[in-house]
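Notes to accompany the following structure.
When reading the values below, keep in mind they use all heavy atoms of this one structure, side chains included, and skip hydrogens, waters and symmetry mates. Counting convention: from 1, in listed order, for ligands and their atoms alike.
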Amino acid sequence: MKLILAITFALLASAFGQDVILRAGQSGQFPIFPYCLCKATGAYRLENTVTFKGNSTYCFKVRVSIPANCSDYCCKQADLKKLEINVKPTCNVAGVALTATLNGAPTAINPNFELAPQGPLNSTIVKVTQLGLNLANANGAEICLSLGTNRAGKGCTTLEQLCVPPAGAPPGVCSAALFNSNNNCCPTTDVNNAAPPAAPPSEPIQLSVRTCSTCVNFTLSSGPGVIPYNFTQAQCAAYAKAVAAGFLNAAFQASTEVFKNFTLEVCSGRVVSVCGKFEDYKGALVAPYADDLASEFLSLVVPGGAPPPYLLGHTIVVTISSEKSNELVGRRLLQTSLYECPLAEKSLPLAPTNVTFPKCICNTTQGVMPFATLPFYTTKTGVSKGSKQYCFTFTTITPLSGPCANTNFAKVEFWANDTAPVRRGLKGFYVRSAKQTAFTFLFPTWSGSGDETVRATGLDWNQQQANGAEICMELDNSVSLDAFCLGPYSKGCYVNIFDKSKNCCPLYTAIDAPFVP
Ligand SMILES: *[C@@H]1O[C@H](CO)[C@@H](O)[C@H](O)[C@H]1NC(C)=O
Ligand SMILES: *[C@@H]1O[C@H](CO)[C@@H](O)[C@H](O)[C@H]1NC(C)=O
Ligand SMILES: *[C@@H]1O[C@H](CO)[C@@H](O)[C@H](O)[C@H]1NC(C)=O
Ligand SMILES: *[C@@H]1O[C@H](CO)[C@@H](O)[C@H](O)[C@H]1NC(C)=O
Ligand SMILES: *[C@@H]1O[C@H](CO)[C@@H](O)[C@H](O)[C@H]1NC(C)=O
Ligand SMILES: *[C@@H]1O[C@H](CO)[C@@H](O)[C@H](O)[C@H]1NC(C)=O
Ligand SMILES: *[C@@H]1O[C@H](CO)[C@@H](O)[C@H](O)[C@H]1NC(C)=O
Ligand SMILES: *[C@@H]1O[C@H](CO)[C@@H](O)[C@H](O)[C@H]1NC(C)=O
Ligand SMILES: *[C@@H]1O[C@H](CO)[C@@H](O)[C@H](O)[C@H]1NC(C)=O
């Protein structure tokens, strides 16, 4: 029998909606806020002015203020457990966002709307409870209430919409009561909403969010004797794309999200900066991934294997740095300790790979002579039928000090496969000093078999002649550059510049194009 009754009750409840049952429970015994039997004088009150913090957040400040002629329990001993505000029933819609903080930290229990059990039909309050305040710690405590709507956009988001003003008061004035744990003290204050500060019209959302503004910077530096490399637009774009994907992936791994996707901000040659944003604690969730991400980003610039020739003598630094924005938001925040942003730094100095070239003993250090090979060759159709030219360009640099600093450009040697079929593929060299427009043909001179060395010799250029000079190697189309030039680089050749004494031989590599991941 009991079971049947219970089922019937449950059916009724769902048929009419739970509110019907609860409304029916409102006794109407206490027609006036705070809708219960309690003492209206006590130790606590709210400051009369409410502070608007943006994003529908209103803050109430508590004062311990004991009336002079009062010495009863409510004035001398009562604690402060909850805040109740007299609100309009129409604001009590299902699923509205409502949160509160006490001194900046989320309250132990989320605030909620309630029908006042002993109030008249539909009388409604907002309750913020488990405040845990007392005479010792309540003075100055700040309780902030964040109003929101439900998914359908229903709900009250201003005090004007929310509060039932006391008799004769204009909209926006609220009645609020402060209860002790026994609910027998309920000093009540009427509070006014201070005029909201004029919000700047642009980006109101940005202003009210606490964020990490995170940038990944790729920075190049180089010492003397090196041709400084500039990142290309294509590299900047590729790095930016990879950084955006890397952070999306890290956020996904951390079960969180990026607030603003990473995009390219600076592509200035020596610096590439790719920036995005995280919302407070979400940045903290991604922070543990920063170190691995920085390594991953470094490998975009320096792929595995031999370092790109154009970066030799450079140091590449990848930093992940973040700036915290200071704005507080009107909603749940994690403790400051959890508001951390991604930070990391990885760097790599790039030195040439050791190779078994040249075969003679001389100073191969880049920068010892006042000449360098540009890191990229160009190609064009060869003079003889079915051939192609690979043209290496030379430039002048400020050399490292030493015995090679004051030398001429006597010849260049290439590291090449000297087995018969490959060797026959080389038709010869077409050379042009910076002072000439026409190319001169030069027969190749091979070293002894097995030396893997072919030279364009008899040049003897001074600085003016070398600065912009070109040496084009003409290869038959039956022999690819990869088959002809030896060494670890694909589509790359080792180019060895010599002075007359053969003691100075800075070794350079030229490849087809910069590496774009
Ligand atoms: C306290 O004093 C105020 C006026 O100063 C008076 O209105 C109030 O009734 C007094 N309360 C008690 C409990 O004596
Ligand atoms: C109480 O609320 C219900 C539902 O919103 C409404 O239909 C009814 O008119 C209200 N009654 C009073 C007395 O305000
Ligand atoms: C504003 O407050 C609402 C409700 O508390 C919350 O859902 C929303 O994320 C907040 N918006 C911002 C930008 O803080
Ligand atoms: C990263 O680059 C941006 C833009 O150039 C700059 O504002 C920022 O200070 C750089 N950060 C670091 C850590 O170098
Ligand atoms: C790199 O860029 C700077 C200016 O941004 C320019 O002066 C320099 O010549 C460039 N270097 C190369 C190798 O292109
Ligand atoms: C970031 O980019 C991804 C992929 O393009 C997209 O799915 C996501 O919505 C973007 N996030 C933001 C906050 O714009
Ligand atoms: C290259 O050779 C030099 C001198 O022989 C040696 O000190 C250096 O460790 C070598 N580097 C690598 C990467 O093998
Ligand atoms: C090559 O020359 C440079 C600059 O003069 C010098 O610092 C370096 O020690 C030399 N290296 C060798 C192997 O002689
Ligand atoms: C040179 O070319 C020959 C013929 O293609 C090949 O067998 C040999 O392995 C090559 N030598 C080197 C050092 O790559």
**OP:** Looking only at distances, please establish whether an N/O atom of ligand 6 is found under 3.5 Å from an N/O atom of Asn261.
**Re:** yes
Original post:
Which heavy atom of Cys236 sits nearest a heavy atom of Phe231, and at what distance?
Top reply: SG-CB, 4.2 Å
Subject >> Proximal atoms of ligand 5 relative to Pro228 (non-hydrogen, under 4.0 Å) >> reply: 13 (C)
Original post:
Is the NZ atom of Lys260 crowded by more than 12 outside heavy atoms at less than 6.0 Å?
Top reply: yes
Subject >> Region of Leu248 that comes within reach of ligand 6 [heavy atoms, distance under 4.0 Å] >> reply: side chain
Original post:
For Tyr377, which of Phe394, Tyr390, Tyr508 qualifies under ring pair (Phe, Tyr, Trp, His ring centres under 6.0 Å)?
Top reply: Tyr390
**OP:** Step through it carefully: locate the ring centre of Phe259, locate the ring centre of Phe278, and say whether they are under 6.0 Å apart.
**Re:** no
Ligand 9: protein N/O within less than 3.5 Å of ligand N/O:
from	atom 1	to	atom 2	distance (Å)
ligand 9	2 (O)	Asn417	OD1	3.4
ligand 9	2 (O)	Asn417	ND2	2.2
ligand 9	2 (O)	Thr419	OG1	3.3
ligand 9	11 (N)	Asn417	ND2	2.9

Subject >> Any donor-acceptor N or O pair under 3.5 Å, side chains Thr365, Asn363 >> reply: yes
Subject >> Partner of Thr364 by side-chain contact (heavy atoms from CB on, under 4.5 Å), out of Pro352, Cys504, Pro506, Pro358 >> reply: Pro358
**OP:** Assess the side chains of Ser478 and Asp476: does a donor N or O sit below 3.5 Å from an acceptor N or O?
**Re:** yes
Subject >> Short side-chain donor-acceptor distance under 3.5 Å, Thr396 and Gln463 >> reply: no
Original post:
Taking only heavy atoms of Asn230, which atoms of ligand 5 are found under 4.0 Å from at least one of them?
Top reply: 1 (C), 2 (O), 3 (C), 8 (C), 10 (C), 11 (N), 12 (C), 14 (O)
Original post:
Going by the order shown, which atoms of ligand 6 are within less than 4.0 Å of some heavy atom of Val258?
Top reply: 13 (C)
